[in-house]
Amino acid sequence: MNMRKVKLSATTTVDRSKEYFDKNNILIIPVPVIIDEKEYMDDRVSITPKFIYDSIREGKAVSTAANNVQFYLDAWKDTLDEGYDIVHIGISSGLSSDCSNAQMAAKMIEDEFGEPRVYVPDTLAATSGEALILDYIKDFVSEGRSAKEISDWVVENRLRVNHWFTLGDLSYLLKGGRITKAQYMVANTLNIYPVMWMDAEGKLAHRKKARGMKRALLTILETIEKLADNGLEYNEKIYISNSDCHEDAEFMRNMILDKFKKVKSVEIFDMIQIGCHTGPGCVSMYFWGKSRAE
């Protein structure tokens, strides 16, 4: 049985600091951000959330791009040469071609070595949903599990990672063509906030509506109670990601801590990649719970 050492690799779509990657010995894979046609690599050093949201508010064209196959071949080469197998965590295939490009690179490496050396499970997740998975499996490495065992676990458990979020400003979805002008006008006039989730295909989908940000967050809080493992007895981590709306994120954190007395921790993080598309004002929650396939 092959028991080579395992190294985790992850794109910066997980929205964690460079210190997090370094501390946990995770290979950091930067992802491109495009601002007014100029490419920046989101390596958690070169660009900051403030830089992104200031650029959006200034009216600059902000978008993201996927890494190509050759980028992954180059990024993984040294780790493979050191004798490691790799498990790579990245954004859902339902949101980006980055996943399929990484999988193609892994297949090319398998053809070269004559056996799998890089495993790229499709997380069907985004931002702190990816991070929940990454945070869980990093302990598997120290336990001595094989790359295949870790990858299989991700596939078996990925739909248990629930993603729920709301948006404070729909103008950025309108600019990106994700909603119609009529939908924007109605929502803006009536102060309607969409409550959305990540579905079983790893795509963003609308589920509910609420009047105002606070009501939208309360709706998500009620949803967490219904879907989280053990309901109000939930004792795992809950992550909150936000796109430059820390007050709303802190409001949500306090509500969770007040309601879920056994929660292990409730941590707040800044989004970059997804925030490029939502614009400022997005608050999202991530927790372990019922399968999104149910």
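When reading the values below, keep in mind they use all heavy atoms of this one structure, side chains included, and skip hydrogens, waters and symmetry mates. These numbers come from a predicted model, not from an experiment. All residue numbers in this chain count up from 1 along the given sequence.
Closest non-hydrogen pair, Thr166 versus Ala216, comes out as OG1-CB, 3.5 Å. Taking every heavy atom of both residues into account, Cys282 and Phe165 meet most closely at SG-CD1, 3.9 Å. Closest approach of Asn101 and Asn68 over heavy atoms only: ND2-CA, 4.0 Å.
Distance check, rounded to the nearest 0.5 Å: CD1 of Ile238 to CH2 of Trp288 gives 13.0 Å. Distance CG/Leu227 to CD/Glu222: 11.5 Å, rounded to 0.5 Å. In this structure, OG on Ser55 lies 12.5 Å from CD1 on Ile34, to the nearest 0.5 angstrom. To the nearest 0.5 angstrom, Met271 atom CE is 4.0 Å from Ser243 atom OG. The distance from the NZ atom of Lys138 to the CD1 atom of Ile133 is 14.0 Å, given to the nearest 0.5 Å. A distance of 8.0 Å separates CD1 in Ile56 from CD1 in Ile35, rounded to the nearest 0.5 Å.
Here Arg4 pairs with Asp85 in a salt bridge; the nearest charged N to carboxylate O distance falls below 4.0 Å. A salt bridge links Lys50 and Asp54; the closest N-O separation between the charged side-chain nitrogens and carboxylate oxygens is under 4.0 Å. Salt-bridge formation is not detected for the pair Glu247/Lys214: no Lys NZ or Arg NE/NH1/NH2 atom is positioned less than 4.0 Å from an Asp or Glu carboxylate oxygen. Look at Lys107 and Glu110 and you find no salt bridge, because none of the NZ, NE, NH1 or NH2 atoms lies under 4.0 Å from a carboxylate O.
Looking at Arg158, its side chain never comes within 3.5 Å of a backbone N or O of Ala125 through a donor-acceptor pair. Without hydrogens or angle criteria, Asn25 side chain to Lys23 main chain gives no donor-acceptor distance under 3.5 Å. The backbone N or O of Asp42 lies less than 3.5 Å from a partner atom in the side chain of Thr12, making a donor-acceptor pair. No side-chain donor-acceptor contact under 3.5 Å links Ser128 to the backbone of Ala131. The backbone N or O of Lys237 sits nowhere less than 3.5 Å from a side-chain atom of Ser265 that would complete a donor-acceptor pair. Remark: side-chain polar atoms of Asp244 are not paired, donor with acceptor, to backbone N or O of Tyr53 under 3.5 angstrom. Side-chain N or O atoms of Arg117 include none that pairs as donor or acceptor with a backbone N or O of Ile86 at under 3.5 Å. Side chain of Thr11 to main chain of Ile29: no donor-acceptor pair is present (N/O by atom type, distance under 3.5 Å, no hydrogens or angles). Put simply, the side chain of Ser100 gets close to the backbone of Ser97: a donor and an acceptor are under 3.5 Å apart. Here the side chain of His277 pairs no donor or acceptor atom with the backbone of Gly279 at under 3.5 angstrom.
Checking Thr13, Asp135, Val161 one by one against Glu130, the side-chain contact (heavy atoms from CB on, under 4.5 Å) holds for a single residue, Thr13. Each of Tyr286, Tyr234, Phe260, Trp164 was compared with Ile224 under the side-chain contact (heavy atoms from CB on, under 4.5 Å) criterion, and only Phe260 meets it.
Using the six-membered ring where Trp is involved, Trp76 and Tyr72 have ring planes that are tilted, between 30° and 60° apart.
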**OP:** Could you walk me through whether His163 and Arg292 pass the side-chain contact (heavy atoms from CB on, under 4.5 Å) test, one step at a time?
**Re:** CA-CA 9 Å; His163 305 52; Arg292 287 179 266 152; 3.8 Å; yes
Original post:
Can you list the steps and then say if Val283 with Met213 is a side-chain contact (heavy atoms from CB on, under 4.5 Å)?
Top reply: CA-CA 9 Å; Val283 184; Met213 173 62 85; 4.2 Å; yes
**OP:** Evaluate side-chain contact (heavy atoms from CB on, under 4.5 Å) for Tyr119 paired with Lys148, printing each intermediate quantity in order.
**Re:** CA-CA 7 Å; Tyr119 294 80; Lys148 184 179 186 306; 3.8 Å; yes
Original post:
Going through the checks in order, is the side-chain contact (heavy atoms from CB on, under 4.5 Å) test met by Lys18 and Asp43?
Top reply: CA-CA 7 Å; Lys18 186 177 184 302; Asp43 57 4; over 6 Å; no
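Here the side chains of Gln273 and Ile91 are not in contact, with every heavy-atom distance at 4.5 Å or above. Using a 4.5 Å heavy-atom threshold, the side chains of Leu132 and Glu236 count as separate. Side-chain contact check for Leu27 versus Tyr84: every heavy-atom pair is 4.5 Å or farther apart. Counting only heavy atoms from C-beta outward, the side chains of Glu225 and Leu232 approach each other to under 4.5 Å.
Linking Ile, Leu, Val, Met, Phe, Trp and Tyr whenever their side-chain heavy atoms come within less than 4.5 Å leaves Met198 and Val155 in two separate clusters. Placement of Ile137 and Ile28 within a single hydrophobic cluster is found when ILVMFWY residues are connected by side-chain heavy-atom separations under 4.5 Å, directly or transitively. Placement of Ile89 and Val69 in two distinct hydrophobic clusters is found when ILVMFWY residues are connected by side-chain heavy-atom separations under 4.5 Å, directly or transitively.
Other residues, nucleotides and ligands contribute at most 12 non-hydrogen atoms within 6.0 Å of the CD atom of Glu37. In the displayed structure, Met41 atom CE is contacted under 6.0 Å by more than 12 heavy atoms of other residues, nucleotides or ligands.
For the pair Arg16 and Tyr239, the cation-pi criterion (under 6.0 Å, within 45° of the ring axis) is fulfilled.
Between the side chains of Asp15 and Ser241, not a single donor N or O lies within less than 3.5 Å of an accepting N or O.
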